[in-house]
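Quick notes on the structure that follows.
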Amino acid sequence: MIRGTVVIDRERCKGCGLCVGVCPHQLLQMESGYNARGYHPVQLADSAGQCTGCGVCAVICPDVVFSVYREGRVKR
Amino acid sequence: MIRGTVVIDRERCKGCGLCVGVCPHQLLQMESGYNARGYHPVQLADSAGQCTGCGVCAVICPDVVFSVYREGRVKR
Amino acid sequence: MTIKLWKGNEAIAEAAVRAGADAYFGYPITPQTELLEYLSSRMPALGRVFLQAESEIGAIHMVYGAASAGKRAFTTSSSPGISLMQEGLSYIAASEVPCVLVDIMRGGPGLGNIQPSQADYFQMTRSAGHGDYHPLVLAPATVQEAVDLMSISFDLAFLYRHLVVLLADGILGQMMEPVEMPPLRTLEDQMPGWALTGAVGRPPRNITSLYLGAEQLEGLNLRLQAKLAQIAAYEQRWESYRTDDAEQLIVAFGTVGRIARSAVDQAREQGQRVGLFRPISLWPFPAQPLAQLSRHVDSILVVEMNAGQMREDVERIVGGPVHFLGRMGGMIPTPEEIVEALPMKPKAQVHRNGSNGAAPVKRIKERSYAPSA
Amino acid sequence: MTIKLWKGNEAIAEAAVRAGADAYFGYPITPQTELLEYLSSRMPALGRVFLQAESEIGAIHMVYGAASAGKRAFTTSSSPGISLMQEGLSYIAASEVPCVLVDIMRGGPGLGNIQPSQADYFQMTRSAGHGDYHPLVLAPATVQEAVDLMSISFDLAFLYRHLVVLLADGILGQMMEPVEMPPLRTLEDQMPGWALTGAVGRPPRNITSLYLGAEQLEGLNLRLQAKLAQIAAYEQRWESYRTDDAEQLIVAFGTVGRIARSAVDQAREQGQRVGLFRPISLWPFPAQPLAQLSRHVDSILVVEMNAGQMREDVERIVGGPVHFLGRMGGMIPTPEEIVEALPMKPKAQVHRNGSNGAAPVKRIKERSYAPSA
Amino acid sequence: MPPVLERPIENQTNNGSPVLEPVYCFPDSLRDVHTHYCPGCTHGTIHRLVAEVIDELGIRERTLMVAPVGCAVFAYEYFNLDSCEAAHGRAPAMATGLKRVLPDQIVFTYQGDGDLASIGTNEIIHAAARGEKITVIFVNNAVYGMTGGQMAPTSLPGQVTSSSPAGRNPAIQGHPIHIPEMLAGMPGVAYAVRRSVHSVAEIRKTKKAIRQAFQTQLDGLGLSIVEILSSCPTNWRMDPAGALDFIRDQMVPVFPLGDFKVIG
Amino acid sequence: MPPVLERPIENQTNNGSPVLEPVYCFPDSLRDVHTHYCPGCTHGTIHRLVAEVIDELGIRERTLMVAPVGCAVFAYEYFNLDSCEAAHGRAPAMATGLKRVLPDQIVFTYQGDGDLASIGTNEIIHAAARGEKITVIFVNNAVYGMTGGQMAPTSLPGQVTSSSPAGRNPAIQGHPIHIPEMLAGMPGVAYAVRRSVHSVAEIRKTKKAIRQAFQTQLDGLGLSIVEILSSCPTNWRMDPAGALDFIRDQMVPVFPLGDFKVIG
Amino acid sequence: MQTSIVIAGFGGQGVLFAGQLLAHAALDARKHVTWIPSYGPEMRGGTAHCTVIISDRPVGSPLARHPEIVLAMNQPSAVKYAPLIGLGGLLVVNTSLAEIPATRPDVRLIPVAANEVAEAAGDLRLANVVLLGALLATRPILPAPVVEKALERYLPERHRHLLDANRAAFRAGYASQDEQTRLAA
Amino acid sequence: MQTSIVIAGFGGQGVLFAGQLLAHAALDARKHVTWIPSYGPEMRGGTAHCTVIISDRPVGSPLARHPEIVLAMNQPSAVKYAPLIGLGGLLVVNTSLAEIPATRPDVRLIPVAANEVAEAAGDLRLANVVLLGALLATRPILPAPVVEKALERYLPERHRHLLDANRAAFRAGYASQDEQTRLAA
Ligand SMILES: Cc1ncc(C[n+]2csc(CCOP(=O)(O)OP(=O)(O)O)c2C)c(N)n1
Ligand SMILES: Cc1ncc(C[n+]2csc(CCOP(=O)(O)OP(=O)(O)O)c2C)c(N)n1
Ligand code: SF4
Ligand code: SF4
Ligand code: SF4
Ligand code: SF4
Ligand code: SF4
Ligand code: SF4
Ligand SMILES: [Mg+2]
Ligand SMILES: [Mg+2]
């Protein structure tokens, strides 16, 4: 399985929760804290390194919060 | 053949000539004189009583110039 | 009768309903949307017509149609939407079909914003659209006054077979104030003698604004002008506040009129002899009363939420330049600001609240022809 | 250079072409249709853009788009069509995009007729649409002057990034007169620094009229007002004719201005000391020169083909009521009629042509506030 | 069979011939005034057809007409009906206002192609979308007649007009617009057809369609529209008969006659 | 397969793990500013898709956007493009003006359903009829979002909105309007499809359609339009995930996804 | 000196062109000049007219409520304009299509059977130019050669082949009055 | 006497209702009163505020650039309005969501952990009413019973079931200050 990760732009997140529902490995959850705009931003809980960099979180996110990274060369 | 006739409202006629072209018996022709609006109105030339009251002149006339009469009872 | 808190937009809507409105056609636009929303349930509940149009152009022509049937029809909008109605309004006025329009003004020009403004003064008092006419324009300063004026607007529209405009701004539309609502009027279904109803046993009626011959169209215009002269004679409305001994006169309408009232009180407390002239009918402008008042004061300050549109009328009527304070784009003049703009300063320096570090106020304040020339 | 007979509409169109117009968008309406028709062959022949829009609303927004690209874009219409453009014009002015509009006025209100009129004076000089601004309005009296003003209109529009309006009437559009056409200008394709061209190696540019914050929108308005003040300072245009020793002053613009010129000559022949003040820029109105002139005359007569729209400006500027002669709906005042309307009668009774049994002239002629109050 | 009035108006003796009965008379729903239409202009034909249908349905006293801006701008003076004159393109909105407050009356608009298919497209589409129970008589003569023959959205490819002097070029000015086809897809539209008046036979079919359009309204089924291909001899620069041939030979191929939607 | 940027922007080492390559980055064609859209509003999703397509086609520096009046009124602040802000409904006319004078640039409008399918129907239809070579991103959320959730011509039958408190009643307020279906019949239209953003799979399909729409313009084929079913959690009074389900369960049955016209 | 001329007739009789010809000639003669048509839908099928004003100084109103000269090409025009003619004016009337109207004593009346003269000159449609010729023979508001020259210069391309006929018609019109004038003298 | 009150917070915190409640109560107390919200798109997800003016005579401006009383329900509101408060004014701040801002010495500051108090009273969403209680305990611009009565009369139908909780929250807010006031005294 490809290994990957995501970088979360915490301040862009509006806490809508859409990404949480689509991550195939349930790696995303809402922070209890607030960001500057008063939203609970999402966070990656991937201690086991399960993220595949599949990018569906980025696809569903309306606020371009995620950058997604994957191991190895980018397929073209 | 049904016999009929038409009454021409000479002042309504604009001399467009459309009726002349459609009368199956070529009974209509333009007057050489003018009516009050400066048009050559159409006239019925039916000395032989050929008009059947078929009404196609009335159908084509854009200016409601014709009243059409036919012998006998009106069909319903 | 009970007094209740009403939101301006909803109060105006309810007042229209109680004044017997038969049909409403409108299109959403902030800050008047609550009017439409309120009517979307209220009108059908009474078996009357509510229809959201596809656009303001659609709305005004639906009103034109319903009004042509002799019904009490109205629409509401805000500045950009009003611009779109200009052609339709001109048709309505020319056809002498009665109708009522509510304009809850917002900041312009262009898309501007949704904040309060008075920058439709010209658009509404100087013939809406092309041609020579003026709508009858009423400018309330409180929600109660808006209700009261709305209550008579259909009557005026039908009396003169003319376009009546209720001209307010976002503040009046959005604010809540105590209101005593008039009762629901039940109107007998009396069709006026010009209404389109179907030509039953009478010659057909036409409603048109087309007069191909110049003499005919001049005839229409002379008829319109005569009617306008009548309206000017009978329908001038205004309020004077503490003007009896005033040395300085503030002239302001609508929301600014009520703010100026506070300014008058503040200035009086500071020992200045200030009064307020508040035109309620903007067309016909209450010219005589203002002209008369102007002869007894030393200075006149016009305050508006625009660049000085009513000012031009005031200058024409008083026969010379006046002082002016204008805020635009949704900025709302404060009573303090108005007091400060008064040309004559009080002799004693007076302590005043509210100067704690706020940014310096931008404003137009001048005494010359230049920009309005 | 050669002088040729030109029909007004076609001459204006050709002048626009020669002034470097890049794009025209328009919709047919009498009495300006020849403008569109002329350009439908002329613009493509030069590889420029001609497009008949689906409506006046479409046309003005196409102009808005093309002008946003930094091009010399224009449209033309007549009164009802101009009403439909009010929202778009307000957007254009607020976005500070330069563009040119030609309004060949016809009789109103409503559908009215297609005869000449000057009843868009208010609509054009008092902020077209909602919000605080004035277009720069130029009113030619002859076909030659229309050509001359059209020739500079794009330059003015670009200089100020503002809306410039050529305001004429059906007579000027339909008549032929000798014209000396300026040469075809070749403009280098210099894109102004604000134009939308694609953000190549620079930050993106936005053209908008939206300023959500009240302070921001007031900022825009102050900028607009400052610009208008500049325009008012630099762009006043007028003509004085035989005013040096005048006791009576006629004020008239456009077509009526040229007719009034004949009236001045006729009155002078009858021994009356009459002069003409003809504003060429209606906004900015040439206030100072008129104010100055007004101090040296005994009376002022405003003549218009409307119910007295410019009269309000004149009254404001001279500080009191003036005499007025207005014809409407396509009726055109004659020189004789104007002479007759002059308030001071000549001492000697003078023989005058043209009174052989014509119907008595209907007109508005008054000296009070009432209908314009 | 010639169109027959339901009720013969009068019997009369004509030059001593046997009793003749009127089979074709001036319709009640027209006023006996001179129209300003050019000689041979089929606006007149269409007026007559509409008037005959209203007569035959017996609804003259409850029918309201909304006239357009276009050559038919004076239609309200020619029809013997209560009527009004909408701004250019806005007739469907005005008709909506009338019909909504007078739901029992019959309301129809009479509109040209510039009026309905150019400036007023929004109003007709949304009246259709709302399913307004009105009837629309849509007269397509492929030009702006009133203003002197400029290109309309319905002008034919290649058609020379006063504003497409090189002929309408679809690559620049687009293709003609097909209104009934476009409206037929909407549930609010109950009847959408195209007819023509270029021959006696077509005129008769057009009358039937107009009748069905009004019947659709009487039955409360939704919006009904009849597009009618019509001539403009003046601006086409043709004689009246040639103009009818032009409809048949040039327009019908671009605007196929037919029923695009018939409900009820 | 996840959408892949043509050019990986940077390589970086993340927490000592092996070299990770970016497969999903912030698009060049967006500005890194906070948007005012409500949480979960798919306007944001659609913005991103459009930006990615522009990036991938390499046309950022020659693309001009026309923003609408609606919730996307500030789109011009969010896209990293030359852009302008049209009056309500008039974006296609403004785009026409731009494209006609700059035929080599890529011009697109971004419009809501109130903007395009209500007040601006005339402008979109005539841009389509003329075959303007522009691209239209049409965001249908079945309400007027910006003004607080009033009924739109696209509102569903029965849908409760702030101006149809009893639910939209087709007998009174008409049926929803189907724009791409209506435009597909016009020769000037080269690409007319409907997509949705209610799931990852649909979002990917939507992106492909947007890409093809821009390609259609690049190929000079005619007007291209992608209607996109979009959510308005705020005015629908739903949570963001529920709003996506609403699209899937309620909107798609009324607005079927699909290709109504594809040329080239 | 200022002269106002109204030319009126049926649409198709060339009244607008006759006026333009006069206007062109006036410009060639270095006069101030305006030409204005009646316009709009009432043209359609009905009557048309235009007004030409020729002057030594800039023209004020391009319209004349009481023109000095009227060329009436048909009956309705003759009826409409005869009473409007200015004091001491001139009415040229096409007797082929109009009866001679009653006129005031101060108005000079020139009847011309223009259709017949035109037909003789080669084309019935040149009645307009015939009337112009008759006018100039009666009131030399412009030198006849200038008008003939204008005919050459401004006849539209599609009518070029009728130039000789036009010239002939103009001269025939001129001659008709020349003669009459001589007779009257 | 005229008092201007601004109530500000996140959308959803009930700031508009709190203001309306005050306005209704003021009317019941036979005062002149106005209420005006912030409106438009900036409400969305962001902050909302309203202004209530209670007066003995007709209210001029329904807005106050420098309100006497501010109820700040969140951090941005506290930051925005603290410096705008009028001379000798009052700032009630919800310390559950906002830090205590720096204020001028003339401004009285009332910190209330409104979320906690509300939660204790039965519902987190009643923080607005808690703050109202605290306000009225500090500055009796209206009699507390009138406000309680207003709560009964004007609580929207769909929140009727929360009436008791509302009353409890109001009293808890009131009590919190009552106590503090006593302590401070
Ligand atoms: C707002 C507005 N724009 C333009 C016009 C000018 N106008 C009058 S009729 C017409 C076109 C009519 O064409 P059409 O609808 O096809 O009718 P037709 O004359 O061909 O029967 C136009 C553009 C107008 N009166 N109002
Ligand atoms: C002429 C005009 N009319 C009305 C409005 C008010 N208005 C602003 S946005 C909008 C509706 C937008 O709805 P939609 O296009 O569906 O976009 P959404 O907000 O749903 O994305 C309206 C009616 C306006 N600004 N201008
Ligand atoms: S990239 Fe895939 S696996 Fe990783 S967080 Fe996102 S959705 Fe989950
Ligand atoms: S989808 Fe985006 S905005 Fe929504 S919670 Fe996830 S990261 Fe935040
Ligand atoms: S009724 Fe028939 S036969 Fe008689 S004239 Fe008319 S067309 Fe000819
Ligand atoms: S068709 Fe009618 S108008 Fe035409 S010539 Fe015949 S009778 Fe006259
Ligand atoms: S211009 Fe055309 S459409 Fe109009 S009346 Fe004449 S022929 Fe008919
Ligand atoms: S109101 Fe609706 S469409 Fe607008 S931003 Fe919020 S969720 Fe999106
Ligand atoms: Mg047509
Ligand atoms: Mg929407």
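Every heavy atom of this structure was used, including side-chain atoms; hydrogens, water molecules and symmetry mates were not. Every chain is numbered from 1 and lettered A, B, ... according to where its sequence line falls, protein lines coming before strand lines.
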For [X] and [Y], work out which heavy atoms get closest and say how close.
X	Y	result
D:Gly108	C:His130	CA-CD2, 4.3 Å
D:Leu212	C:Asn113	O-ND2, 3.4 Å
C:Gln309	D:Gly131	NE2-O, 3.8 Å
D:Ser90	C:Gly110	OG-N, 2.8 Å
D:Pro109	C:Asn221	CD-OD1, 3.6 Å
D:Gln225	C:Ala307	NE2-CB, 3.2 Å

Mind checking the [atom1]-[atom2] spacing from [X] to [Y]? Nearest 0.5 Å is all I need.
X	Y	atom1	atom2	answer
D:Arg316	C:Arg311	CZ	CZ	8.0 Å
D:Asp132	C:Met305	CG	CE	11.5 Å
D:Leu89	C:Ser83	CG	OG	9.0 Å
C:Met331	D:Gln216	CE	CD	9.5 Å
D:Leu111	C:Tyr211	CG	OH	11.0 Å
D:Gln115	C:Glu215	CD	CD	10.5 Å

Test item: [X] and [Y] side chains (from C-beta on) under 4.5 Å apart, heavy atoms:
X	Y	answer
C:Gln86	D:Met85	no
D:Ile82	C:Glu87	no
D:His134	C:Phe122	yes

message = Using heavy-atom distances under 4.5 Å, tell me whether C:Ile57 contacts chain D through its side chain, its backbone, both, or neither.
response =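 Side chain only.
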query = Of the backbone (N, CA, C, O) and the side chain (C-beta and beyond), which part of C:Ser79 lies under 4.5 Å from a heavy atom of chain D, both, or neither?
reply = both
Under 4.5 Å, counting heavy-atom pairs only, tell me which of [options] racks up the most with chain D.
options	result
C:Gly81, C:Gly112, C:Ala93	C:Gly112
C:Gly129, C:Gly330, C:Pro286	C:Gly129
C:Ala233, C:Ala128, C:Gly88, C:Gly329	C:Gly329

Backbone N/O of D:Met328 and side chain of C:Glu218: donor-acceptor pair under 3.5 Å =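 Yes, the answer is positive, given that a donor and an acceptor are paired below the 3.5 Å cut-off.
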query = Which bit of D:Leu224 comes within less than 4.5 Å of chain C, counting heavy atoms only: side chain, backbone, both or neither?
reply =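 Contact with chain C involves the side chain of D:Leu224 alone.
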request  = Go through the atoms of D:Leu210 and report whether side chain, backbone, both or neither lie under 4.5 Å from a heavy atom of chain C.
outcome  = both
request  = Pick whichever of D:Leu217, D:Ile92, D:Thr125 has the most heavy-atom pairs under 4.5 Å with chain C.
outcome  =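 Of the candidates given, the most pairs with chain C belong to D:Leu217.
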ask   = Highest number of heavy-atom pairs under 4.5 Å with chain C: which of D:Ser209, D:Gly107, D:Gly213?
value = D:Ser209
